[in-house]
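Here is the structure we will look at.
Predicted, not measured: the structure shown is a model, and the values here were computed from it. In what follows, chains carry the letters A, B, and so on, assigned in the order in which the sequence lines appear, proteins first and then strands, with residues in each chain numbered from 1.
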Protein chains: 2
Amino acid sequence: MGKIKLSKIDTDAPESLKKDEIKDKTKELVAGIGQICKSIYAEKKHSVLIVLQGMDASGKDGVAQNVFAECSALAIDACSFKKPTEEEFAHDFLWRVHKLAPAKGNMKIFIRSHYEDILIQSVHQWIDKDRAAKRMNAINAFEELLQFDNNTTILKFYLHISHSKQLEKLKERRDNPQKQWKFNEQDFEESKLWDEYMECYEYAINNSTIPWHIIPADQNWFRDYSVAQIVLETLKKLKSKFPTLNDLE
Amino acid sequence: MGKIKLSKIDTDAPESLKKDEIKDKTKELVAGIGQICKSIYAEKKHSVLIVLQGMDASGKDGVAQNVFAECSALAIDACSFKKPTEEEFAHDFLWRVHKLAPAKGNMKIFIRSHYEDILIQSVHQWIDKDRAAKRMNAINAFEELLQFDNNTTILKFYLHISHSKQLEKLKERRDNPQKQWKFNEQDFEESKLWDEYMECYEYAINNSTIPWHIIPADQNWFRDYSVAQIVLETLKKLKSKFPTLNDLE
């Protein structure tokens with residue numbers, strides 16, 4: 001498999017698509033995901049981990065809300081990773097992540113994830129290349145462990161937004177009172193490190209054992225549709241079903 | 001390094017040693033361990049993981065109590081791994097273990113450990129060879145993660161008792177009211193699987209990246225002395241010291 005270069009990948013929806021039609025299709029996909037989520041919960045054989053990564057304003061929260069809108073709160077949970085606490089800092093970087101791994105029967109959404117520990121930390125040179133490489137190996141081993149030892153299906157999405165679209169969205173957050181709760185002055189500073197972030201994302205994507213899905217994310221409707229398609233298709237393959245009394249004997 | 005064959009390794013103390021002298025020396029070692037434990041706690045740079053494995057009645061609890069008797073409860077904690085709970089079973093085998101990894105400044109004693117998930121589970125064929133091998137790789141990756149990302153010093157001890165000594169001790173547990181709280185009829189059944197356990201232990205010991213210490217364990221006094229020697233020697237190498245105001249600036 002060739003190495004991915006993010007600047008070569010489109011961030012826009014294909015022009016041929018009609019927004020309203022896609023939105024209708026997305027609704028069906030989202031309903032389908034909600035249905036399968038119920039049988040996964042009932043069956044308790046599989047677990048599912050959804051990793052959402054992307055630059056600020058790329059739509060991670062939006063995907064978590066929209067694509068999984070029909071999943072029962074009993075069966076799904078979303079964790080948003082922030083700056084580690086003092087207790088978390090006193091442990092290895094996967095300690096706080098492993099605790100949150102999904103139990104059989106459950107789905108978990110990671111908004112940001114263990115990948116931040118090689119992304120932001122490498123961009124700011126808080127860790128050197130050697131540690132980043134060791135962490136990359138540890139991530140691969142960790143994800144393989146979840147797969148082989150807990151039947152975890154891992155779906156990783158990079159929400160691929162253009163730099164100009166990001167700046168547009170950050171300004172909207174600053175200027176629209178409805179969105180100001182999401183605004184953080186620091187986001188503009190991080191945005192200046194765009195090229196460094198792209199390089200680190202490419203490193204993570206190209207060195208992951210479990211492949212990433214790169215999602216064009218400049219239009220919310222196409223972003224949600226693309227993620228929902230992949231999620232539904234993957235969940236269908238689990239062929240999970242509601243256990244009957246025969247199964248429980 | 002050659003492969004270890006447990007049946008070729010002595011379980012007895014060397015005949016030249018005098019029990020009383022060794023017991024006195026052990027007291028000094030134990031005091032030394034308690035001292036260094038304080039500076040590790042104050043410095044908060046290092047963490048220490050002590051893994052105690054061995055057949056029933058090999059003295060895991062004894063080592064935990066005797067060798068670390070002078071360590072402050074603030075700085076050290078012992079976890080005894082039992083049959084996994086329902087919640088633990090719904091996760092990968094390292095999930096419950098990783099949560100208990102020592103924070104910087106702390107020492108942790110594992111009485112039994114993640115190794116049980118390849119030992120007892122292989123002996124009873126609850127997992128096949130392929131899964132045991134995958135778990136072995138996951139254990140190596142996990143222990144390396146603790147080392148490189150949390151400054152964890154990992155010391156693993158196999159308490160090497162002979163089969164005849166084990167049976168003698170199990171009978172004592174059954175017949176001595178003071179020890180009956182430790183008695184479990186099932187232990188005699190497990191003891192019949194001695195050869196299978198030895199084979200699994202050899203597999204784990206020979207496939208670990210971080211080496212094991214094989215401790216002759218037929219005599220409690222020599223067992224404690226041997227472990228204490230290795231622990232103290234290892235802790236000294238950390239060169240931990242109480243931070244002064246200069247360090248904290």
Side-chain angles (χ1 to χ4, degrees), chain A residues 40-41 43-49 75 77 84-108 114 117-118 121 126-154 209, chain B residues 40-41 43-49 75 77 84-108 114 117-118 121 126-154 209:
Chain A
I40 291 172
Y41 180 73
E43 195 184 42
K44 303 242 181 301
K45 269 192 190 171
H46 301 276
S47 49
V48 180
L49 176 60
D77 189 29
T85 64
E86 203 174 323
E87 193 192 10
E88 288 166 353
F89 258 130
H91 289 89
D92 69 273
F93 80 105
L94 286 173
W95 182 75
R96 65 173 182 158
V97 178
H98 202 167
K99 283 200 282 192
L100 296 169
K104 286 189 192 78
N106 279 77
M107 292 174 67
K108 192 82 84 159
H114 39 298
D117 296 292
I118 49 174
Q121 299 212 12
W126 298 330
I127 58 171
D128 60 17
K129 287 201 170 175
D130 177 55
R131 179 169 298 244
K134 282 181 176 163
R135 284 187 171 178
M136 189 68 235
N137 290 339
I139 286 175
N140 283 330
F142 168 62
E143 293 181 354
E144 284 161 33
L145 168 68
L146 300 186
Q147 277 191 321
F148 84 77
D149 213 53
N150 206 37
N151 261 340
T152 308
T153 296
I154 302 179
T209 312
Chain B
I40 290 171
Y41 180 72
E43 195 183 43
K44 303 244 181 299
K45 270 192 189 171
H46 301 276
S47 49
V48 180
L49 176 61
D77 190 29
T85 64
E86 202 173 325
E87 192 192 10
E88 288 165 353
F89 258 131
H91 290 88
D92 69 273
F93 80 104
L94 286 174
W95 182 75
R96 66 174 183 158
V97 178
H98 202 167
K99 283 203 281 193
L100 296 170
K104 286 188 191 78
N106 279 78
M107 291 175 67
K108 193 82 83 159
H114 38 298
D117 297 292
I118 49 176
Q121 300 213 11
W126 298 330
I127 57 171
D128 61 16
K129 286 203 169 175
D130 177 55
R131 178 168 299 243
K134 282 180 175 165
R135 285 188 170 178
M136 189 68 235
N137 289 339
I139 286 175
N140 283 331
F142 169 62
E143 293 181 354
E144 284 161 32
L145 168 67
L146 299 185
Q147 276 191 322
F148 84 77
D149 213 53
N150 206 38
N151 262 339
T152 308
T153 296
I154 302 178
T209 311

Expected output: side-chain B:Asp77 to main-chain B:Pro102 donor-acceptor under 3.5 Å: no

Toward chain A, the part of B:Ile127 with a non-hydrogen atom under 4.5 Å: neither

Donor-acceptor contact present, side-chain A:Asn150 to main-chain A:Ala103, <3.5 Å: no

Donor-acceptor under 3.5 Å (A:Asp92 side chain, B:Asp149 main chain): no

Scored by heavy-atom pairs under 4.5 Å with chain A, the best of B:Lys104, B:Glu87, B:His98 is B:His98

Check: B:His91 side chain, A:Ala101 main-chain N or O, donor-acceptor pair, under 3.5 Å: yes

Part of B:Phe89 within contact of chain A (heavy atom distance under 4.5 Å): backbone

For A:Arg135, is it the side chain, the backbone, both, or neither that has a heavy atom closer than 4.5 Å to a heavy atom of chain B? both

